[in-house]
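Written below as structure tokens is the structure these notes are about.
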Amino acid sequence: MSTVKTFASAADLEVKKVSFDKLSDHAYAYTAEGDPNTGIIIGDDAVMVIDTQATPVMAQDVIRRIREVTDKPIKYVLLSHYHAVRVLGASAYGAEHIIASEDTRDLIVERGQFDKDSEIGRFPRLFQNVESVPEGLTWPTMTFNKKMTLWLGSVEVQILQLGRGHTKGDTVAWLPQEKILFSGDLVEFDATPYAGDAYFQDWPQTLDNLAALKPEKLVPGRGAALQTPEQVQAGLAGTRAFISDLYDSVKASAAQGEDLRKVYEATFAKLQPKYGHWVIFNHCMPFDVTRAYDEATQYPDPRIWTAERDVAMWKALEG
């Protein structure tokens, strides 16, 4: 393998350009060239933020952009899943409610602290001013099972769990009146899906369930806001292709009795020509292949990543 990779993108220090795109009078997307996105829904009397950014200091830039378009109070924060890079900025918004699926809350209980320690160590650029993060974890104040509907005045917001994929608690926000979907990391666009906590065999069906909503616009977890049905289809198709290609490669190699390192090398070589230009490809591949190997062999549910397991895995595959 000719590509030289640095552990957990620790060398990725390039500052990304932020965009704040309007999808409708009620929907905006805060994106940054493949860094984690934040969605914004503006109702008649309140604002909902979907995924918070990684620290309260980083969230302040989201708030500044929101205040350029509305002075309505930010009453709701929705967590699309439990990963630290999505939730640790929550305190900045002063929201009345933090909403998450029951499955996401269960994951916070089980592995939230491990994930916080692990993610901060993996990718320090994504945790600017990490000292601004309060002690402890981000806890939802409101949970739901499969579906809840919130009315922001006349604006209907459906909060849905349509299946497992990126994690077991994946949640999307759907504006049925405008056919706009906020997908969290179930869909990425020109950005590599992180699948270290994924359910590879479920993910394609979950994408089918998202597609069945027939969204006309979509805010992915990473990458640019998708403003046309054609762009939405491209985002769904690209994510599906990556997940399927990676899992098929890992499963085939594992079935031949190859060890994890050989499986990783073969899968990296197979996928790099097609997906190597997507952001964080090198960062994600060791975690993605390790999880796929687990699922294809002996672990139907994702094992907990700890800072120590991160290092051990990286040395095993890259050392």
Side-chain angles (χ1 to χ4, degrees), residues 8 36 38 48-56 58-59 75-123 126-127 130-148 150 159-173 182-186 193-203 206 221 287-288 290-291 294-295 298-313:
T38 293
M48 173 184 285
V49 168
I50 304 152
D51 291 334
T52 72
Q53 299 291 305
T55 69
M58 296 173 72
K75 289 188 177 180
Y76 303 96
V77 164
L78 173 64
L79 309 180
S80 70
H81 60 287
Y82 79 100
H83 285 153
V85 75
R86 301 287 177 178
V87 309
L88 294 184
S91 64
Y93 299 95
E96 292 181 12
H97 296 288
I98 298 175
I99 304 169
S101 67
E102 291 177 7
D103 285 329
T104 287
R105 191 183 189 285
D106 289 346
L107 287 169
I108 295 171
V109 170
E110 178 190 53
R111 57 185 67 190
Q113 186 63 52
F114 292 115
D115 178 74
K116 179 180 180 180
D117 296 342
S118 172
E119 286 199 53
I120 291 172
R122 287 181 193 178
F123 215 144
L126 294 184
F127 290 87
V130 69
E131 70 281 359
S132 65
V133 176
E135 291 291 326
L137 302 175
T138 301
W139 293 102
T141 61
M142 184 184 297
T143 60
F144 71 100
N145 183 23
K146 304 306 179 188
K147 179 179 180 179
M148 70 178 286
L150 198 64
I159 300 170
L160 307 170
Q161 247 188 306
L162 297 174
R164 302 185 301 190
H166 180 67
T167 72
K168 79 169 182 179
D170 293 324
T171 296
V172 304
F182 298 82
S183 71
D185 281 318
L186 281 170
Y194 171 76
D197 298 305
Y199 289 83
F200 278 90
Q201 296 176 85
D202 290 7
W203 201 330
T206 302
F287 298 98
D288 291 4
T290 299
R291 169 57 196 147
D294 275 2
E295 186 170 335
Q298 57 179 323
Y299 296 102
D301 295 303
R303 291 187 287 159
I304 296 173
W305 288 102
T306 64
E308 294 76 17
R309 185 180 173 219
D310 280 8
V311 172
M313 177 277 292

_Sub-4.5 Å side-chain heavy-atom contact between Ser132 and Ser91_ = no
Would you list the atom pairs, donor with acceptor, under 3.5 Å between side chains in residues 81-90 and any protein atom, with sequence neighbours excluded?
| unit_1 | atom_1 | unit_2 | atom_2 | d |
| --- | --- | --- | --- | --- |
| His81 | NE2 | His83 | ND1 | 3.2 |
| His81 | NE2 | His166 | NE2 | 3.3 |
| His81 | NE2 | Asp185 | OD2 | 3.3 |
| Tyr82 | OH | Asp197 | OD2 | 3.2 |
| His83 | ND1 | His166 | NE2 | 3.2 |
| His83 | NE2 | Asp197 | OD2 | 2.7 |
| Arg86 | NE | Asp185 | OD2 | 3.1 |
| Arg86 | NH1 | Asn37 | O | 3.1 |
| Arg86 | NH1 | Gly221 | O | 3.2 |
| Arg86 | NH2 | Asp185 | OD1 | 2.6 |
| Arg86 | NH2 | Asp185 | OD2 | 3.0 |
| Arg86 | NH2 | Gly221 | O | 2.9 |

*Run the numbers on Val49 and Tyr76 for side-chain contact (heavy atoms from CB on, under 4.5 Å), then give the verdict.*
CA-CA 6 Å; Val49 168; Tyr76 303 96; over 6 Å; no
_I need the Glu110 CD to Ile304 CD1 distance, nearest 0.5 Å._
4.5 Å
*Could you tell me whether a side-chain N or O of Glu295 sits under 3.5 Å from a main-chain N or O of Pro302, the two making a donor and an acceptor?*
no
*Only pairs at least two apart or in different chains count here, so list each side chain to side chain donor-acceptor pair (under 3.5 Å) that has a residue in residues 135-148.*
none
*Do Arg164 and Asp103 have side-chain heavy atoms sitting under 4.5 Å apart?*
no
*Determine the minimum heavy-atom distance between Thr171 and Leu79, stating which atoms define it.*
CB-O, 4.1 Å
*Exercise: do Thr167 and Asp170 side chains pair donor with acceptor under 3.5 Å*: yes
*Heavy-atom closest contact (Ala95 atom, Lys75 atom, distance)*: CB-O, 3.5 Å
*Any idea which heavy atoms bring Tyr299 and Arg291 closest together, and the distance?*
O-NH1, 2.8 Å
*Under the salt bridge (Lys or Arg N to Asp or Glu O under 4.0 Å) rule, collect the residues that match up with Arg105, sequence neighbours excluded.*
none
*Report the distance from atom CZ of Phe144 to atom CD1 of Ile159, rounding to the nearest 0.5 Å.*
6.5 Å
*Looking only at heavy atoms, what is the nearest atom pair of Arg303 and Arg111, with distance?*
O-NH1, 3.7 Å
*Nearest 0.5 Å, what's the CG-CD distance between Asp106 and Glu102?*
7.5 Å
*Is there a side-chain contact between Thr104 and Ile108 (heavy atoms, below 4.5 Å)?*
yes
*Quick one: does Val172's side chain get under 4.5 Å of Phe182's, heavy atoms only?*
no
*Kindly give the heavy-atom pair with the smallest separation between Gly165 and Leu186, and that separation in Å.*
CA-CD2, 3.8 Å
*If you measure from CG on Leu78 to OG on Ser101, what distance do you get to the nearest 0.5 Å?*
9.0 Å
*Between Trp305 and Ser118, is there a donor-acceptor pair closer than 3.5 Å when you use the side chain of the first and the backbone of the second?*
no
*Side chain of Lys168, backbone of Tyr199: donor and acceptor closer than 3.5 Å?*
no
_Short N-O contact, Arg309 and Asp294, less than 4.0 angstrom_ = yes
*Distance-minimising heavy-atom pair for Tyr93 and Thr52*: OH-O, 2.9 Å
*Hey, does Asp115 have a side-chain heavy atom less than 4.5 Å from the side chain of Leu107?*
no
_Donor-acceptor pair, side chain of Thr206 and main chain of Asp202, under 3.5 angstrom_ = yes
